[in-house]
2 protein chains.
Amino acid sequence: MTDQKIPRATAKRLPIYYRYLNILLDADKTRVSSTELSDAVKVDSATIRRDFSYFGALGKRGYGYDVESLVKFFKKILNQDRLTNVGLIGVGNLGHALLNFNFHQDGNVRISAAFDVNEELANTIQSGVPIYPMTDLRKQLEEQQIQVAILTVPADVAQEVTNDAVAGGVKGILNFTPLRITVPKDVRVQNVDLTNELQTLIYFLEHYNHKD
Amino acid sequence: MTDQKIPRATAKRLPIYYRYLNILLDADKTRVSSTELSDAVKVDSATIRRDFSYFGALGKRGYGYDVESLVKFFKKILNQDRLTNVGLIGVGNLGHALLNFNFHQDGNVRISAAFDVNEELANTIQSGVPIYPMTDLRKQLEEQQIQVAILTVPADVAQEVTNDAVAGGVKGILNFTPLRITVPKDVRVQNVDLTNELQTLIYFLEHYNHKD
DNA sequence: AATAATTGTGAAAAATATTTGCAAATTCTT
DNA sequence: AAGAATTTGCAAATATTTTTCACAATTATT
């Protein structure tokens, strides 16, 4: 909560490190050097050391990093040590798929409630997740103390729904709608615009012929 | 094809501009200034002009931009004027959802073939898209001249499948697997790691309390 | 004890992105 | 038609972010 800010680029690499460190742990490796890690995750070793150093001195000079304690450390940093309940708003195509999607690689993230306007869907259970009517959004989010929401509603209601969700106490939104929603400054939005991604990909494809 | 490189940040904003310009066009607006656009898309007007200027002089001084020609121009730039066929590799949860997903806002992107190892699925048609067995991947991609693939297979076969796809002529991959796949340098990969996005979101949530 | 390995980090460099400031062009106003 | 008001395009300046270098300090190994 009171860490100094780490660069966005670093934050984005953390899950990648974490994932690989777990592989090492499973393989009973006890130590790893930044050079070794570098090969595996394709990130320059100096960058890795720099990234790690934002969190203090995690390694030992002349030795490297202890896999187990590093995993333990990142587990905590990445909130993998406790369960984060997530609300899914909008159970259409994509929403439905995400209900089944394995977010919880280590069981730390769980979609614990979903919401939809469709009266047919509401009050049923889909893939083990209860679906509530959209009218209960705010109430349920509050009651279940859900702070993270996945937004998969049609763009034209996105802002409206967002306002509701924020009123219900949501602090982080994974936004799958193409709309750039407006939120209070203490709420964080992460946009995943699939159409955009695909368009950007096609753009680069047509206009350059080289990676990055 | 031989444009000078435009910044990544600019490329990412293009679809946003494009989307809004279409709204203007639908509303029968004939002209728009960078300042107006700025308000709508929340990007500084100088940045917008800068962005546009990478493509030459698109506006008229003292006037602004002609909405219709700008839309037309971006339509071309963003390949919205022709159909791009896309292959979907892996028809699991997510894959299935993407089959129904409305990528084709303007009918320019179409998933024209899908692939799965599951023998039950193969040779059926799902959501109007023929599913081929994974063994036909390379052949079908070649035959149908598909250059863009969406990768939604399990991580442990991701690299293998990628190699096949690349052998089949794929030049762009929208990679939904958590694996960082390796490709020849003329192939572009755009990663969409949902687990990662969610984890990063949660990380920021716990560790800061302010947007960006 | 000497040698090799490896971290952590200040500082430099590189890469990326935004903003300023203004001449030039055009439209609008009277 | 002259003058005022807009508005682009763009070079240059600035800012921000990210990566890399380079090496002292520390630890492990032989």
Side-chain angles (χ1 to χ4, degrees), chain A residues 3-17 21 24 29-70 73-74 77 200 203-204 207-208 210-212, chain B residues 3-17 21 24 29-70 73-74 77 180 191 200 204 208 210-212:
Chain A
D3 328 45
Q4 50 177 339
K5 284 223 195 312
I6 60 160
R8 192 184 255 317
T10 297
K12 286 197 173 168
R13 282 189 292 263
L14 295 182
I16 297 169
Y17 298 145
L21 287 169
L24 291 181
K29 278 212 84 184
T30 54
R31 54 185 276 194
V32 66
S33 70
S34 58
T35 325
E36 254 180 292
L37 259 178
S38 173
D39 286 342
V41 300
K42 311 269 172 56
V43 174
D44 186 88
S45 70
T47 303
I48 293 179
R49 294 201 298 282
R50 165 63 87 234
D51 282 348
F52 285 6
S53 79
Y54 289 111
F55 302 100
L58 305 179
K60 256 192 210 161
R61 300 177 178 203
Y63 176 88
Y65 301 87
D66 180 73
V67 174
E68 198 181 334
S69 29
L70 209 50
F73 185 81
F74 278 123
I77 284 287
T200 306
Y203 173 79
F204 277 114
H207 296 265
Y208 311 106
H210 288 288
K211 223 183 122 188
D212 274 16
Chain B
D3 328 44
Q4 50 178 341
K5 284 223 195 313
I6 61 161
R8 196 185 250 320
T10 297
K12 285 197 173 168
R13 282 189 291 263
L14 295 183
I16 297 169
Y17 299 145
L21 288 168
L24 291 180
K29 279 212 85 185
T30 54
R31 53 185 277 194
V32 66
S33 70
S34 57
T35 324
E36 253 180 293
L37 259 179
S38 173
D39 286 342
V41 300
K42 312 268 172 58
V43 174
D44 187 89
S45 70
T47 303
I48 293 180
R49 294 202 298 282
R50 190 88 189 70
D51 282 348
F52 285 6
S53 78
Y54 288 111
F55 301 101
L58 304 180
K60 255 191 208 162
R61 301 176 178 202
Y63 177 89
Y65 301 88
D66 179 73
V67 175
E68 198 181 333
S69 28
L70 208 51
F73 184 81
F74 278 123
I77 284 289
R180 306 190 120 204
N191 294 302
T200 306
F204 277 113
Y208 312 105
H210 289 288
K211 223 184 122 188
D212 274 16

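Letters A, B, ... are given to chains in the order of the sequence lines, protein chains preceding strands, and every chain is numbered from 1.
The base of D/dG9 sits within donor-acceptor range of the side chain of B/Arg49, with an N or O pair under 3.5 Å. Side-chain atoms of A/Arg61 come within donor-acceptor range of the base of C/dT7, with a qualifying N/O pair under 3.5 Å.
Toward the 5' end of DNA chain C, the nearer of the two residues B/Arg50 and A/Gly59, judged by each one's closest nucleotide, is A/Gly59.
B/Ser34 comes within 4.0 angstrom of the backbone, heavy atoms only, and of no base. Using a 4.0 Å heavy-atom criterion, one finds that A/Phe52 contacts no nucleic acid atom at all. Contact annotation for B/Ala46: base contact, defined as any heavy-atom pair under 4.0 Å involving a base atom.
The side chain of A/Lys60 lies closest to D/dA28, out of D/dA28, C/dT18, C/dT7.
An OP1 or OP2 oxygen of C/dC28 is reached within less than 4.0 angstrom by a side-chain nitrogen or oxygen of B/Arg31. Between B/Thr47 and C/dT19 there is a side-chain N or O to OP1 or OP2 distance below 4.0 Å. For the OP1/OP2 pair of C/dG8 and a distance below 4.0 Å, the side-chain nitrogens and oxygens of A/Tyr65 include at least one atom meeting the criterion.
The local environment of CD in A/Glu36 is crowded, with over 12 non-hydrogen atoms from other residues, nucleotides or ligands closer than 6.0 Å.
The aromatic rings of B/Tyr17 and B/Phe74 are tilted relative to each other, their planes meeting at an angle between 30° and 60°.
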